[in-house]
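Contents: one structure, followed by commentary.
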Amino acid sequence: YTKEKKVGEGTYAVVYLGTKQSTGRKIAVKEIKTSEFKDGLDMSAIREVKYLQEIQHENVIELVDIFLAYDNLNLVLEFLPSDLEKVIKDKSILFTPADIKSWMLMTLRGVHHCHRNFILHRDLKPNNLLISPDGQIKVADFGLARTFPSAQEILTSNVVTRWYRAPELLFGAKHYTSAVDIWSTGVIFAELMLRIPYLPGQTDVDQIEVTFRALGTPTDKDWPDVSFFPAYNKLQIYPPPSREELRRRFIAASENALNFMCGMLTMNPQKRWNAVQCLESDYFKEAPAPSDPSTIQ
Amino acid sequence: FRHSSQYRFWSFTPEQLEQKRIRVNAQAVQSIEEDLRNFVADNKTDLNEEEIKTIEMKAVPVTAEEELKLINLYAKKVQMIAQRLNLPTEIVATSITFFRRFYLENSVHKFEPKAIVLTTIFLACKSDNYFIGIDSFCEKTRGSKEQILKYEFPLLESLKFSLFNHHPYRPLHGFFLDIQAVLHGKVDLNYMGHIYDRCKKRITEALLTDAVYFYSPPQITLSVLMIEDEALTTRYLELKFHGNNPDSSADAEETISQDNSVNISLEKLVTLIRDCKRIIE
Amino acid sequence: DVSKRYTLEQSLYSDPFIKDLQERKDFIASGFRVDYVYERMLTEAFM
């Protein structure tokens, strides 16, 4: 493998573009910094390696190879030149409801594959949904992923990038499920339709405010025992938006599209749609059909 | 399971496994003998006859069988230390798994088992979301931080970077549920709970054997269940997998029809389980 | 392999440990679902 150009640097890794010499295939090399972490290999690197080794799916980034060089761990990943965040932000790019449907279908197939392997992603957001040269969406960055917890395990609620964080996480839940990934997917869908972030909280506390102002404050009636969370008592109570308000907010959305979004953004995680319900929803059965990924500009 | 790295990288036939161990040992022995020759050649002048003879007598590499005995001894130590740290059952299992796999790729001549023990437990904790900082880990285990971290990369590389393990404990829970459905009303739940605990312990013991390389986790679970209660397990398998059970009552018929989609041959399964059981015992 | 090789018979299971969790407020509020636990265990058993 060659490393030709540095294209990014994160807290625990530097990413280079490169080529697989034997085939000429373009690849990305994620070089894990080992000196930064006093406890040996960084947890995010451990998770990326652990879960990407198990997942082979068209809509999940492929781990081509792994090797150690000069005491650095190198993940060789498939080359994915773009991502949904770039597409949303670049106003020169026009996309259609059929394009959005195609992106949502591919994203949910990737998420479903993780969930049926009992893996939570826990950081779904537009810039972790990469786009391959032939237009395929690929779920990437498994640095926060973990297996479904054993029943008695305590999970940290400090996961998922704030704007895409599910309400149960905002309340500090410790026994959450794959429903947190579905919430993130719902927020991404809203953002694709609006082309601006849907729930852009400035701080974790503000995120609670922004979320409930837009979607209504949950009550024990629609979300049993939500009042159990300590953070619940200080909440401002907002009414849920009427269907009419939602229609006005999401002008281009059909009734099924709104149902699809509301299914993913259901407050009560027990009632929130799971990946199968999303994939089998009427939204994907009605016109327009999802665009062919390779034709999307 | 067939997509898992556990199946793709770490399942072997008994012959393949034996070949692997012989090859790892032979490679180590070869390099040691080469080093010895070079050492004696380089130090011809200052070594007297007596010393050279002593080297030839004493510096004899261990055989593959001896290696295996040493590895199994230390695998038990991994289990003991991990259990003494009160680590969850799954993490004890992962520690043992990492340790034993490491020595399918490396010889004890090259990496002394004692030096690897703590690194396998430390990495297992990290990998299974039970992170313990190196400082507190060293405090609890009186290990050396440098040594533990030094072996983390070699361990990871020898594991072929496959950290995700399917252990037989969840299948045990799964069969615990399914036995209740298939033998509904015919099993005493207290007794089942008792069996469950004994099976958990026996599964951890089974992870110290080569059964983990020859059989899938659920097959190991069924073998352990067979050891703990042959009658119950056989009855369950017969009802579940189309046994010719003479007194199959209506609901059993109904159960069988429900699982028509299960295309597992009872004959083949029971034979396989008995073979696995023998290895575990 | 699409066929699940098992049928989830939640009503037939007596699993005091899991059942207890289902009653706890912190579990209910977090979105804990017993069927997700059973699905996982049975999938691992029949994989």
Side-chain angles (χ1 to χ4, degrees), chain A residues 54 112-120 146-157 159 166-183 218-233 264 266-277, chain C:
Chain A
E54 307 304 317
H112 171 242
H113 189 68
C114 295
H115 291 177
R116 73 176 163 185
N117 279 286
F118 306 106
I119 294 168
L120 304 177
R146 63 155 291 151
T147 44
F148 281 25
S150 306
Q152 72 284 4
E153 236 177 312
I154 305 266
L155 281 78
T156 171
S157 56
V159 288
E168 63 268 31
L169 294 174
L170 297 173
F171 281 132
K174 299 184 176 62
H175 307 286
Y176 52 86
T177 67
S178 47
V180 302
D181 285 338
I182 298 299
W183 176 277
T219 64
D220 276 337
K221 190 163 137 306
D222 52 69
W223 178 351
D225 291 329
V226 68
S227 59
F228 162 82
F229 289 118
Y232 185 81
N233 305 319
M264 292 189 280
T266 300
M267 282 291 165
N268 179 356
Q270 281 188 336
K271 292 283 176 283
R272 198 173 300 151
W273 286 12
N274 62 34
V276 173
Q277 286 167 294
Chain C
D1 182 355
V2 181
S3 67
K4 279 191 179 256
R5 290 185 166 184
Y6 65 84
T7 37
L8 193 61
E9 313 259 8
Q10 201 160 325
S11 58
L12 298 182
Y13 305 142
S14 160
D15 191 333
F17 174 67
I18 299 293
K19 284 251 183 339
D20 159 57
L21 298 180
Q22 195 177 8
E23 309 306 319
R24 279 178 42 182
K25 289 181 179 301
D26 53 338
F27 277 77
I28 295 168
S30 299
F32 177 81
R33 283 179 47 167
V34 164
D35 55 332
Y36 283 6
V37 177
Y38 291 153
E39 284 255 339
R40 175 118 192 257
M41 302 308 164
L42 285 159
T43 301
E44 291 270 352
F46 290 96
M47 69 179 177

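First the proteins, then the strands, lettered A, B, ... as listed; each starts at 1.
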Worksheet entry | C:K19 atom NZ: more than 12 heavy-atom contacts under 6.0 Å | yes

Discussion item. Quick check on C:L21 against chain A: is it the side chain, the backbone, both or neither that has a heavy atom closer than 4.5 Å?
Written reply: side chain

Fill in: Contact class of A:A151 relative to chain C, heavy atoms under 4.5 angstrom
both

Worksheet, complete the sentence: So, the part of A:P218 with a heavy atom under 4.5 Å from chain C: the answer is neither

Worksheet item: Can you check whether A:N274 reaches C:Y36 side chain to side chain, under 4.5 Å on heavy atoms?
Response: yes

Worksheet item: When only pairs under 4.5 Å are counted, which of C:M41, C:R33, C:E39 shares the most heavy-atom pairs with chain A?
Response: C:R33

Worksheet item: Is it the backbone or the side chain of A:E168 that comes under 4.5 Å from a heavy atom of chain C, or both, or neither?
Response: side chain

Worksheet item: Looking at A:P269 and C:A29, what are the two nearest heavy atoms and their distance?
Response: CG-O, 3.9 Å

Worksheet entry | Minimum heavy-atom distance C:S30-A:K174, with the two atoms named | OG-N, 3.8 Å

Response to the item:
Whatever's closer than 4.5 Å to a heavy atom in chain C on A:F229 counts as side chain

Practice prompt. Among A:A179, A:P224, A:P149, single out the residue with the greatest number of heavy-atom pairs under 4.5 Å to chain C.
Written response: A:P224

Discussion item. Which atoms of A:K271 are under 4.5 Å from chain C, going by heavy atoms: the side chain, the backbone, both sets, or neither?
Written reply: neither

Item to complete: Identify which part of A:F148 has an atom lying under 4.5 Å from any heavy atom of chain C, answering side chain, backbone, both or neither.
Response: both

Fill in: Contact leader toward chain A among C:V34, C:T43, C:D26, where contacts are heavy-atom pairs under 4.5 Å
C:D26

